Amino acid sequence: MSGQEFREISPSEFFYRHREIVGFTNPARATYTSIREFVENSLDAAEAIGVPPDIHVTLMRDEGFEFEVYRLRVEDNGSGIPGEYIPYAFGRILYGSKHTLKQMRGIFGLGGKMAILYGQITTNRPVHIVSSTGGRDVYEYRLLIDVEKNSPIIVEERIHRNGNPKWRGTVVEVFLEGDYQRSSSKIIEYFKETAMANPYAELSFIDPYGVLHLFRRSTTKLPPASREVKPHPHGVDVETLRRIINSTDCKTLKELLVKSFHRVGETIADRFLKTYSLDPYRDPASLTPGEIVDLAYALKNFEEFLPPDPSCLSPLGEELLLEGVRKELNPEFAVAIQRKPSAYSGYPFIVEVALAYGGGTPQTGRITLYRFANKIPLLYDESSDVSWKVVNQVIDWRHYKIDPTRDPVAVIVHICSTRIPYRTLGKEFIADRPEIEAEITRAVRIVARRLADYLSHKRRVEKAREYFSVYERYLRKIACFSSMLTGMDEPDIDKLLRRVKRWKGMEEAL
Amino acid sequence: MEGYGRSSMKERRREVLASLEKLGYDVYRTIESGEFPYVSMPSRSTRNILYDPKLRQYVLGGQTVKRTARNIRHLRPLTQLIWVATIAHQLCSQGKTSTLRDVFYMAQAFEVDFVDQYESDDIITDLETVVGLPREDFNIYPEERSSIFGDLTIEYTVPGYEGRRINLLSHPDGFVIGPTLSTAEFVECGAERVIVIEKGAMFTRLVEEKAYEKFKAILIHTAGQPPRASRKLIRRLNRELDLPVYIFVDGDPWGMHIAMVIISGSANAAHITDLTTPDARWAGVYASDITRYKLPSDPLTEIDVKRLYELKNDPRYRSGIWSKEIDVFLQHRRKAEQEAFSRYGLSYIVDVYLKERMEELG
């Protein structure tokens with residue numbers, strides 16, 4: 001079993017050996033991934049306490065190395081981390097607050113630590129952390145990660161008195177081998193798209209040339225916070241089930257089902273146990289590994305469980321999504337819609353789709369696609385993504401009288417879920433789960449229809465205006481020529497123009 | 001009905017101005033009463049072009065078309081039509097002339113641009129149809145190509161030259177038949193006939209060979225299909241001075257048709273009735289002349305033959321010499337140019353051929 005092997009090397013070592021799978025393939029990609037991981041942790045930290053995020057990122061070239069090294073500093077106004085947790089929160093892989101089922105940007109809680117680990121193995125410099133929860137003290141640490149033991153090494157630890165007014169937030173500073181030249185366009189695109197999906201966040205980025213890229217917030221309204229939920233039986237695998245059983249206090253199977261799983265009540269638990277001929281009073285701890293496998297299989301396949309409750313999700317909402325799209329693209333026309341919650345394999349998800357047309361919408365010769373998962377922009381491997389498939393292969397844009405090669409149209413797809421079905425750990429593209437594909441397709445159809453309506457109205461108005469202006473232009477000339485021919489004053493054409501305006505279809509269009 | 005007497009040109013001008021102004025008043029009043037202005041005119045579609053055997057020319061039938069400002073597709077041509085009327089009025093009242101090409105360019109200053117000169121020419125034809133007068137009466141002429149030579153004294157009526165007289169023998173290259181000559185009054189004529197010639201080289205030959213003396217003729221060079229100003233001048237010479245007209249063209253279907261247009265008009269100008277000279281005579285080169293005078297000749301091309309069959313369908317070609325000569329052409333399938341007579345020396349054309357022909361035609 002892979003679980004057995006997994007524990008033989010430390011998680012730090014595992015990720016050290018396989019760092020390319022989480023996006024540290026080369027210095028350019030590592031620069032981008034590091035920024036992204038810290039920024040996303042900061043966004044989560046601010047949203048966790050209901051504060052509109054303020055995130056300031058600085059990337060500076062450090063000349064003290066023979067190769068290209070940058071100092072990356074990310075400062076936020078988030079929750080801050082209690083002093084005693086800081087060494088583990090930053091110095092131990094898989095330790096974190098994110099191991100529950102609640103929609104957050106990070107899932108594994110390892111992205112930020114991977115960035116720290118990457119910085120350490122390329123520059124051998126400790127990570128520098130300053131954090132406060134807004135109380136009396138501000139904690140400052142310099143840490144290294146002991147890769148083999150998967151534990152932090154505290155290089156320096158200081159406690160400061162917090163000033164007045166009390167500062168709250170976290171500053172993380174790492175040194176890392178990087179390549180800004182090759183990553184700059186992705187990094188700036190990342191900030192722009194993050195600003196689009198988080199219009200309530202203020203983001204600033206000072207690049208290595210000293211240029212400030214500022215993304216102002218356009219609203220202070222936050223999306224409703226998400227709630228933590230227990231796992232849904234459809235989404236439980238053998239390993240998760242084993243962990244639940246190991247950590248539970250429940251003495252019977254029925255109690256385990258009702259207390260540890262989402263949307264399982266007594267009635268359904270009874271029906272489930274009866275269907276699979278399981279003893280409701282059996283002690284979960286007595287299940288053999290084989291029985292656990294069977295139970296996981298049964299949970300996944302029992303169709304009478306209620307679908308997962310989407311209250312654990314935190315979608316942006318149509319209003320905020322529209323706000324973000326308008327702010328970053330400044331389009332002539334924009335529309336956003338949110339689909340009803342749905343679920344795949346026991347994981348609830350909500351699809352939100354926006355569409356922008358004209359104005360500042362980039363004209364790229366095809367539909368420009370912006371993909372987001374849990375408010376994170378996805379920038380790589382676009383053509384492998386389910387949204388790409390929907391936009392480029394499923395939808396027939398001609399049906400909406402839209403020419404993707406000529407019309408400036410952008411489609412923005414946001415999927416939020418407690419578990420985004422990424423195809424890889426690098427979190428860059430989403431697998432084409434049929435449930436998700438169907439929801440995206442429906443949503444894109446709706447926004448495309450709205451655009452088609454807008455365009456046809458616009459064309460009608462333009463046509464009516466043009467029609468009217470033809471009458472205006474030529475009647476004026478006819479009046480002028482008739483005056484030249486007769487030597488009399490120009491006849492008044494207003495009466496005629498008013499008649500034209502009253503014609504069918506003209507009145508409402510004008 | 002003609003009466004191009006001493007004061008006829010001025011009177012004519014007043015008539016023209018009045019009919020253009022009427023068009024302006026009609027439009028003006030319609031707009032003032034809150035209605036869409038419109039113009040009605042006889043249709044110039046092929047179905048409405050009929051041959052009138054009495055007039056011996058093509059005329060427009062009873063169908064009319066209405067251009068109204070209510071219809072968006074009519075707006076532009078209607079505006080252009082009224083604009084052309086305005087320009088024509090200006091030209092006539094100031095005694096100035098302009099060419100078809102000028103009109104095409106003038107439109108740009110008034111932002112009533114024409115796509116090309118075909119469009120502006122067409123609108124000018126519309127105006128002719130609406131007011132029933134040829135464009136020359138509005139002082140709009142095509143580019144001039146044709147010329148005249150002979151013992152005729154004229155008096156100009158255009159501003160700046162009014163009252164000045166000139167004898168058309170005074171310049172051996174001939175006088176261009178332009179607006180000033182077209183509007184001139186005839187004062188004195190020593191000639192007894194008119195010979196119309198298709199080609200410039202033959203016109204020069206006839207001047208050099210003193211054909212004007214030998215035949216007491218006014219020579220007119222049409223340069224191919226004659227412009228309307230020339231056709232009108234030929235008509236006036238025939239009507240006002242009672243001169244018989246002989247038309248001498250190439251011996252092929254195209255030459256024949258030049259003669260026919262001078263005699264009885266073209267379908268293109270079916271809306272205009274005073275350009276024809278029904279009494280004019282076609283004087284050659286006939287198809288039968290090719291064998292009779294053993295002229296150097298060329299075989300007819302396919303297009304020539306096709307044209308001959310087209311002419312056969314035209315009611316004007318169905319009788320007399322016309323139908324006889326078409327048949328001869330189709331028999332020997334050869335054609336000859338006017339210049340073909342040069343094989344017998346430079347004077348042969350005047351001293352032998354034309355002399356014989358005049359005698360034959362009387």
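Since this is a predicted model, take the numbers as computed values, not measurements.
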Only pairs of heavy atoms separated by less than 4.5 Å count here; which of M488(A), K495(A), E490(A) has the most with chain B?
M488(A)
Tell me whether D126(B) is salt-bridged to R67(B), with the criterion being a basic N under 4.0 Å from an acidic carboxylate O.
yes
Quick one, E466(A) with R460(A), criterion salt bridge (charged side-chain N to carboxylate O under 4.0 Å, His left out). Give me CA distance, side-chain angles, the key distance, then yes/no.
CA-CA 10 Å; E466(A) 208 184 294; R460(A) 254 202 330 273; over 6 Å; no
Under 4.5 Å from any heavy atom of chain A, what part of R76(B) do you find: side chain, backbone, both or neither?
both
Looking only at heavy atoms, the pair that brings V39(B) and L81(B) closest together is CG1-CD2, 3.8 Å
Just so I understand: if I count every heavy-atom pair under 4.5 Å between each of D492(A), V500(A), I478(A) and chain B, which residue has the most?
I478(A)
If I measure from the heavy atoms of chain A, does Q80(B) come under 4.5 Å with its side chain, its backbone, both, or neither?
neither
Quick check on the interface: out of I31(B), V27(B), I82(B), I72(B), who has the most heavy-atom pairs with chain A under 4.5 Å?
I72(B)
R499(A) portion near chain B, given a 4.5 angstrom heavy-atom threshold:
side chain
Regarding E35(B) and T30(B), is there a side-chain donor-to-acceptor distance under 3.5 Å anywhere?
no
Going by atom types alone, do R44(B) and T129(B) pair a side-chain donor with an acceptor below 3.5 Å?
yes
